[in-house]
**Student:** 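What follows is a single structure, and I will ask about it in a moment.
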Amino acid sequence: MKKRQPTQSRPAAGEPQRLLADMLRIRRMEEKCAELYGAGKIRGFLHLYIGEEACATGAMHALAEEDRVVATYREHGHALLRGVPMDAIMAEMFGKASGCSRGRGGSMHLFDVSRHFYGGNAIVGGGLPLAAGLALADKLQGESRVTACFFGEGAIAEGAFHESMNLAALWALPVLFCCENNLYAMGTALSRSESQTDLCAKAASYNMDSFRADGMDVRAVFETVSRAANQVRESGRPAFVELQTYRFRAHSMFDPELYRDKAEVEQWKTRGPIHSFSAQLKAEGLLTEDVFLALDAAAQVEVDAAVAFAEAAPWEPEADLLKDVHGPAAVAHGGRR
Amino acid sequence: MKKRQPTQSRPAAGEPQRLLADMLRIRRMEEKCAELYGAGKIRGFLHLYIGEEACATGAMHALAEEDRVVATYREHGHALLRGVPMDAIMAEMFGKASGCSRGRGGSMHLFDVSRHFYGGNAIVGGGLPLAAGLALADKLQGESRVTACFFGEGAIAEGAFHESMNLAALWALPVLFCCENNLYAMGTALSRSESQTDLCAKAASYNMDSFRADGMDVRAVFETVSRAANQVRESGRPAFVELQTYRFRAHSMFDPELYRDKAEVEQWKTRGPIHSFSAQLKAEGLLTEDVFLALDAAAQVEVDAAVAFAEAAPWEPEADLLKDVHGPAAVAHGGRR
Amino acid sequence: MKVSYREALREALREALAQDPRVFLMGEDVGRYGGTYAVSKGLLDEFGPDRIRDTPLSELGFVGAGVGAALGGMRPIVEVMTINFSLLALDQIVNSAALLRHMSGGQCAVPLVIRMVTGAGRQLAAQHSHSLENWYAHIPGIRVLAPATVADARGMLAPALADPDPVIIFEHAQLYNLEDALPVERVWRACDISRAAVRRTGTQASLITYGGCLPKAMQAADELAATGIDVEVIDLRVLRPLDLDTIAASVRRTHRVVVVDEGWKTGSLAGEIVARIAEDCLYDLDAPPRRVCSAEVPIPYARHMEAAALPQVAQIVAAVKEMLNV
Amino acid sequence: MKVSYREALREALREALAQDPRVFLMGEDVGRYGGTYAVSKGLLDEFGPDRIRDTPLSELGFVGAGVGAALGGMRPIVEVMTINFSLLALDQIVNSAALLRHMSGGQCAVPLVIRMVTGAGRQLAAQHSHSLENWYAHIPGIRVLAPATVADARGMLAPALADPDPVIIFEHAQLYNLEDALPVERVWRACDISRAAVRRTGTQASLITYGGCLPKAMQAADELAATGIDVEVIDLRVLRPLDLDTIAASVRRTHRVVVVDEGWKTGSLAGEIVARIAEDCLYDLDAPPRRVCSAEVPIPYARHMEAAALPQVAQIVAAVKEMLNV
Ligand SMILES: Cc1ncc(C[n+]2csc(CCOP(=O)(O)OP(=O)(O)O)c2C)c(N)n1
Ligand SMILES: Cc1ncc(C[n+]2csc(CCOP(=O)(O)OP(=O)(O)O)c2C)c(N)n1
Ligand SMILES: [Mg+2]
Ligand SMILES: [Mg+2]
């Protein structure tokens with residue numbers, strides 16, 4: 001298991017330039033991933049977060065280091081901002097042994113337990129019960145951590161969502177349910193998956209407080225999630241946050257996008273979280289084009305280094321195939337398996 | 001498969017004396033079942049409905065003959081009032097070949113497809129998706145039937161409830177979701193199973209209309225379910241009904257009832273649906289003690305006849321063990337299985 | 001003219017929808033998205049949203065609704081996007097679909113078809129690479145099919161819909177792009193969903209397999225033939241009920257058997273086949289039967305590790321050669 | 001002094017709860033109701049509602065919460081009331097509990113114990129009579145136990161909790177009232193959860209079984225002994241990973257084998273055992289191996305029909321005699 005690395009001292013979370021820089025880091029990393037997918041370096045399923053960066057960025061800045069995070073298959077940004085080194089993420093997508101899941105998981109299963117990042121779950125709704133359980137562990141152990149659980153609006157139709165919401169509310173578990181509502185689950189629009197499209201009404205049916213934020217506005221996300229997380233931390237009770245966002249790219253690299261109009265996508269792109277936030281910062285006098293370019297260049301440098309790292313990283317030997325199916329102590333019970 | 005029997009002409013559904021008579025039929029039948037369980041004639045799990053008779057009685061009177069019904073393992077009353085002959089019910093509980101499920105199902109799996117009675121489901125929540133599907137079939141076939149689905153409040157914590165409510169509301173399926181809220185799921189009180197104990201709030205979170213009735217008052221149930229069923233029939237959309245009731249007996253014959261106070265049970269018994277309704281009818285001049293006794297005696301006669309029938313009924317030969325695993329036409333596909 | 005496995009499946013769906021108004025297709029993204037594996041592409045335009053019905057993400061709910069709709073007189077085809085997600089629907093498949101006829105003493109019929117994608121090989125990692133056909137093949141009350149050829153992809157749906165009971169059809173993810181000429185219509189129209197098929201006759205050993213491993217077994221047979229070893233290849237096609245006669249007849253001819261199955265070895269369907277052979281044909285065997293299965297490890301993402309985990313042609317060839325001591 | 005299987009299970013729970021504050025028990029009606037099969041009766045008073053935690057009816061949710069709690073540092077014991085309802089939780093058991101360690105490259109540990117009741121025999125009909133241990137025994141990443149004796153009921157929990165990975169424990173419904181003297185503490189404390197046990201030595205055939213069928217196999221062995229036939233009885237105890245050495249050693253001694261399993265025959269765990277024997281001990285066999293399993297029918301309610309569907313002592317005796325041609 002990885003050792004926790006010493007915390008770097010960095011500017012306060014939520015500080016505008018860091019929010020912007022982190023959105024850029026996600027964006028540039030993912031653009032590179034798309035390119036590498038085309039080149040066959042990254043394979044399997046690849047779900048890009050492009051367009052939604054304000055959500056993970058605002059939310060991760062709002063969480064404390066000791067908080068736990070559970071995410072979905074669309075989790076590159078969450079992993080990165082939780083502190084998983086881009087090198088390790090990129091190597092994972094290459095399937096290399098230096099990947100954050102040793103090449104076993106790939107794009108959909110980024111893990112870093114030392115940073116309380118519990119994946120990377122490719123079963124829609126599958127992370128929600130886990131999050132309730134992590135929070136239950138904290139509650140029973142007297143920890144005041146929050147467990148933030150990210151999922152798409154598509155997950156709300158799954159029984160797992162409801163069972164988890166109820167358990168968390170009933171048992172007063174410190175879970176922050178973060179629904180990234182990008183209006184589509186693959187090709188299924190929200191209005192074709194939910195009879196009630198006001199998602200906060202779902203929380204109300206569990207007696208759970210809910211919050212809503214414009215998921216294209218990183219400051220709004222940061223402020224809303226900060227409030228919600230504080231409430232969870234102080235009350236020990238769960239809360240629900242809906243982040244209204246949009247994905248600019250296809251669901252995965254296989255999606256022909258038959259189900260939505262190009263015009264709708266273009267319309268949303270005008271609200272792109274990076275350019276709208278940088279425009280805002282410039283208008284506020286908090287950013288110059290030079291600084292923007294420098295942040296972007298730094299992101300690009302980080303990406304290039306990550307790709308180089310991943311390229312150079314070793315493959316796991318095939319002889320290790322059966323490793324990590326079971327933990328080491330299992331050998332204690334007679335040893336033969 | 002059983003042939004549909006010709007409809008008997010009988011007094012209008014919902015007429016007070018029929019409501020009372022039907023509650024008595026359920027009560028006397030089930031008291032006998034308890035006795036027969038003690039004698040080892042009925043085995044397996046036996047879940048008595050005693051105390052809750054007003055629910056099935058009011059509801060079944062409110063439904064039309066062509067409506068479909070899906071129920072749980074606590075379904076003796078529903079089956080009886082759907083028109084399944086008491087003989088066939090009793091024989092089923094004995095495990096006899098003349099039982100309404102040919103002895104294959106027992107107490108928890110009473111079926112009578114000729115009367116649109118689809119069981120008898122022993123998986124909590126398991127009937128709800130079926131009900132949505134039956135209603136979908138009707139909708140697609142242009143039928144104006146209602147599918148009434150009965151379940152306990154315990155089922156509301158199950159994902160199956162939520163997925164079914166959403167499908168029904170989203171697709172506008174004519175399902176009447178009838179929640180028999182008897183406050184306990186085995187030993188688990190509602191407040192320990194739901195963070196939100198106002199069950200109608202659940203329906204609201206699916207944009208579904210809801211109704212609530214005192215499930216100890218057969219007239220209230222009849223009127224409420226009539227209204228709700230009519231609305232479903234006319235709108236083609238689902239509705240949710242909560243019937244607030246209480247079971248007077250243990251959950252099953254194995255339950256030591258450690259989880260609730262005797263006093264609470266006694267308190268509820270004062271609101272017993274049979275004696276409170278007969279008292280009411282008497283006060284209204286609609287019932288005399290003689291008539292009551294005659295109805296009760298008739299119920300007892302029916303029970304005795306059913307027991308005699310069940311006793312005399314034949315056992316299925318063991319040689320038929322593999323029957324009804326598959327339908328006959330399967331033989332067409334090459335025939336060997 | 002060649003058609004792909006995917007096109008063959010789509011033609012079968014189109015025909016079923018056109019011929020019987022009781023038939024409808026429902027599942028996640030079967031409509032507007034065009035089907036995750038593009039099988040149902042175009043059908044929404046042709047048959048409309050009532051009959052090509054996109055469902056919310058709620059496998060338990062919509063599979064159960066399929067059971068109910070079948071009970072109610074329809075002939076639903078439910079697509080569970082992949083076998084991986086079918087774990088969420090197993091209660092309805094086992095406790096409702098498979099049991100209702102029996103529990104009701106023969107009154108209920110559930111003429112339901114469930115299609116799902118199975119198998120690994122596309123680097124989708126552990127949660128998206130299951131092969132659990134053996135679980136389904138264990139359940140009384142359902143029929144389980146595994147089309148491994150274009151002809152079966154085209155032919156199996158109609159008899160499955162005609163079956164009065166639930167039928168599960170497993171489409172292997174690696175087969176969709178397989179292309180082949182369809183046999184003459186008369187042949188695939190007579191598609192039998194109770195028998196295994198001898199895909200290649202041979203004398204020295206029987207390779208028994210199904211689904212995504214059939215092409216591997218055929219290739220292994222080719223490679224063996226090139227070295228002068230003549231093996232028979234049996235495609236189970238029907239995983240429940242098993243066609244034990246065809247299996248036994250083959251073993252009695254060849255006296256040696258290798259079962260190839262993408263499932264994990266322990267508790268695999270291959271194990272059941274080996275057990276049946278040991279029970280029924282013990283004295284016909286000239287060597288211990290062998291299995292080539294997946295390694296007992298969740299399927300890893302990395303390409304070379306995934307390949308190492310799954311049955312490969314070279315392993316099949318090696319197993320036959322070892323068995324023949326060559 | 002004799003104790004019942006139920007009491008042995010309860011003592012094991014009590015001890016685990018008393019010794020390790022990370023241990024807690026959660027499930028439907030484990031607390032106020034006292035446990036459906038009364039296993040946890042009294043524990044709520046002793047350990048309080050945080051550690052004897054009644055759950056709502058939401059198998060997928062609370063099993064998944066158990067996985068999460070294990071990830072988070074606790075040692076949860078999750079009771080799924082019966083195996084029948086575990087179908088609702090399979091996604092979390094397979095796709096989370098079993099896979100997390102591997103998918104995370106070894107980072108995640110899920111030290112979770114899941115207990116559930118299995119089996120038929122009490123006239124509970126088709127939906128409440130499943131035996132799907134074979135499904136679980138197929139999954140890499142979990143350990144599967146089937147205590148069939150009072151000593152194992154007492155001894156298996158502690159090593160299961162010490163296992164760094166998920167362990168599923170199947171308690172057969174027909175065993176709860178079984179009474180036996182516990183062996184001396186030193187013996188059951190050394191409970192090994194990797195090996196099968198020879199419950200009775202014998203020379204003419206091996207009866208291999210587990211769980212609820214062990215008493216039937218023992219009784220069959222008694223009846224056979226009374227007719228002068230000496231059979232060995234192997235209790236698998238651990239259904240995954242299988243103790244193949246003990247099985248093979250027995251077959252090499254007796255040369256004949258009957259596997260007894262309450263699962264439906266096709267795809268049963270018994271099939272896997274037969275397959276292993278055919279693969280590893282073919283030349284040791286003096287007769288085809290046989291299985292005594294449940295008939296391939298959903299379990300009927302009626303008493304005589306249920307009995308006809310399940311493996312019975314008479315069938316085991318008959319199988320051995322036929323095999324020995326006596
Ligand atoms: C249980 C389950 N069913 C189906 C899928 C296939 N699938 C993967 S992502 C997805 C859409 C999910 O949409 P949403 O939850 O809104 O998340 P988004 O992709 O929009 O971020 C589907 C249907 C799955 N992974 N898991
Ligand atoms: C999925 C599932 N989990 C658990 C059980 C065991 N069980 C049978 S009835 C019951 C309580 C159900 O309570 P409720 O839904 O309120 O109905 P009631 O018995 O009160 O009528 C439980 C837990 C089951 N049958 N199915
Ligand atoms: Mg979405
Ligand atoms: Mg209840």
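In what follows, chains carry the letters A, B, and so on, assigned in the order in which the sequence lines appear, proteins first and then strands, with residues in each chain numbered from 1.
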**Student:** Which bit of D:Ser96 is near chain A, if near means a heavy-atom gap under 4.5 Å: side chain, backbone, both or neither?
**Tutor:**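 Only the side chain of D:Ser96 comes within 4.5 Å of chain A.
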**Student:** Given A:Val325 and D:Arg101, is the side-chain contact (heavy atoms from CB on, under 4.5 Å) satisfied, shown in steps?
**Tutor:** CA-CA 7 Å; A:Val325 180; D:Arg101 178 185 293 278; over 6 Å; no
**Student:** State, to 0.1 Å, how close A:Ala137 and D:Gly72 come at their nearest heavy-atom pair, and which atoms those are.
**Tutor:**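 In terms of heavy atoms, the two residues are closest at CB-O, 3.6 Å.
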**Student:** Quick check: do A:Leu167 and D:Pro56 have side-chain heavy atoms less than 4.5 Å from each other?
**Tutor:**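 Result yes, sub-4.5 Å side-chain heavy-atom pair found.
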**Student:** Donor-acceptor check, side chain of A:Arg104 to backbone of D:Met103, threshold 3.5 angstrom: yes or no?
**Tutor:**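 Absent.
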**Student:** For D:Asp50, is it the side chain, the backbone, both, or neither that has a heavy atom closer than 4.5 Å to a heavy atom of chain A?
**Tutor:**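 Backbone plus side chain of D:Asp50, per the 4.5 Å heavy-atom cut-off to chain A.
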**Student:** Strictly distance-based, threshold 3.5 Å: is any side-chain N or O of D:Gln107 a donor or acceptor partner for the main-chain N or O of A:Cys100?
**Tutor:**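 At least one qualifying donor-acceptor pair exists.
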**Student:** Does any part of the side chain of D:Leu99, heavy atoms only, come nearer than 4.5 Å to the side chain of A:His109, both counted from C-beta?
**Tutor:**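 No, their side chains stay 4.5 Å or more apart.
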**Student:** So, for D:Leu60 and A:Ala160, which heavy atoms are closest and what is the spacing to 0.1 Å?
**Tutor:**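 Answer, listing the atom of D:Leu60 first, then A:Ala160: CD2-CB, 3.7 Å.
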**Student:** With chain A, which of D:Ala69, D:Gly66, D:Gly73 has the greatest number of heavy-atom pairs at distances under 4.5 Å?
**Tutor:**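 The residue among D:Ala69, D:Gly66, D:Gly73 with the greatest pair count is D:Ala69.
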**Student:** Quick one: what part of A:Arg68 sits under 4.5 Å from any heavy atom of chain D, side chain, backbone, both or neither?
**Tutor:**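 For A:Arg68, side-chain heavy atoms alone lie under 4.5 Å from chain D.
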**Student:** For D:Phe24, is it the side chain, the backbone, both or neither that has a heavy atom under 4.5 Å from a heavy atom of chain A?
**Tutor:**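 For D:Phe24, the side chain is the part near chain A, not the backbone.
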**Student:** About how many Å separate CG of D:Leu71 and NE2 of A:His116, when rounded to the nearest 0.5 Å?
**Tutor:**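 Rounded to the nearest 0.5 Å, the NE2-CG separation comes out at 12.5 Å.
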**Student:** Considering only heavy atoms, which portion of A:Leu173 lies under 4.5 Å from any heavy atom of chain D: side chain, backbone, both, or neither?
**Tutor:**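 The answer is neither part of A:Leu173.
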**Student:** Given side-chain contact (heavy atoms from CB on, under 4.5 Å), test D:Ser104 with A:Val113 step by step and report yes or no.
**Tutor:** CA-CA 9 Å; D:Ser104 66; A:Val113 171; 5.6 Å; no
**Student:** Do A:Pro129 and D:Val67 make a side-chain contact, defined as non-hydrogen atoms from C-beta onward lying under 4.5 Å apart?
**Tutor:**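 They are not in side-chain contact.
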**Student:** NE2/A:His162 to OG/D:Ser58 distance, rounded to the nearest 0.5 angstrom?
**Tutor:**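 It comes to 12.5 Å.
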**Student:** Heavy-atom cut-off 4.5 Å, strictly under: side chain, backbone, both or neither for A:Phe161 against chain D?
**Tutor:**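 Neither; nothing under 4.5 Å.
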**Student:** Mind listing the closest non-hydrogen atom pair of A:Glu163 and D:Glu59 along with its distance?
**Tutor:**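 Closest approach of A:Glu163 to D:Glu59: OE1-N, 3.8 Å.
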**Student:** For side-chain contact (heavy atoms from CB on, under 4.5 Å), just list the numbers for A:Leu136 and D:Met26, CA-CA rounded to whole Å, side-chain angles, deciding distance to a tenth of an Å, and then say yes or no.
**Tutor:** CA-CA 12 Å; A:Leu136 175 60; D:Met26 106 175 129; 4.2 Å; yes
**Student:** Are A:Ile123 and D:Gln92 close enough, and set up right, to give a side-chain contact (heavy atoms from CB on, under 4.5 Å), and what steps lead you there?
**Tutor:** CA-CA 10 Å; A:Ile123 302 298; D:Gln92 284 295 330; over 6 Å; no
**Student:** Does A:His326 form a side-chain hydrogen bond (donor to acceptor under 3.5 Å, both in side chains) with D:Asp165? I'd like the steps, not just the answer.
**Tutor:** CA-CA 6 Å; A:His326 284 277; D:Asp165 296 308; 3.2 Å; yes
**Student:** At a 4.5 Å cut-off on heavy atoms, which part of D:Arg53 comes close to chain A: side chain, backbone, both, or neither?
**Tutor:**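 Contact with chain A is through the side chain of D:Arg53 alone.
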**Student:** Could you tell me the separation between the CZ atom of A:Phe111 and the CG atom of D:Leu100, rounded to the nearest 0.5 Å?
**Tutor:**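 Those atoms lie 5.0 Å apart.
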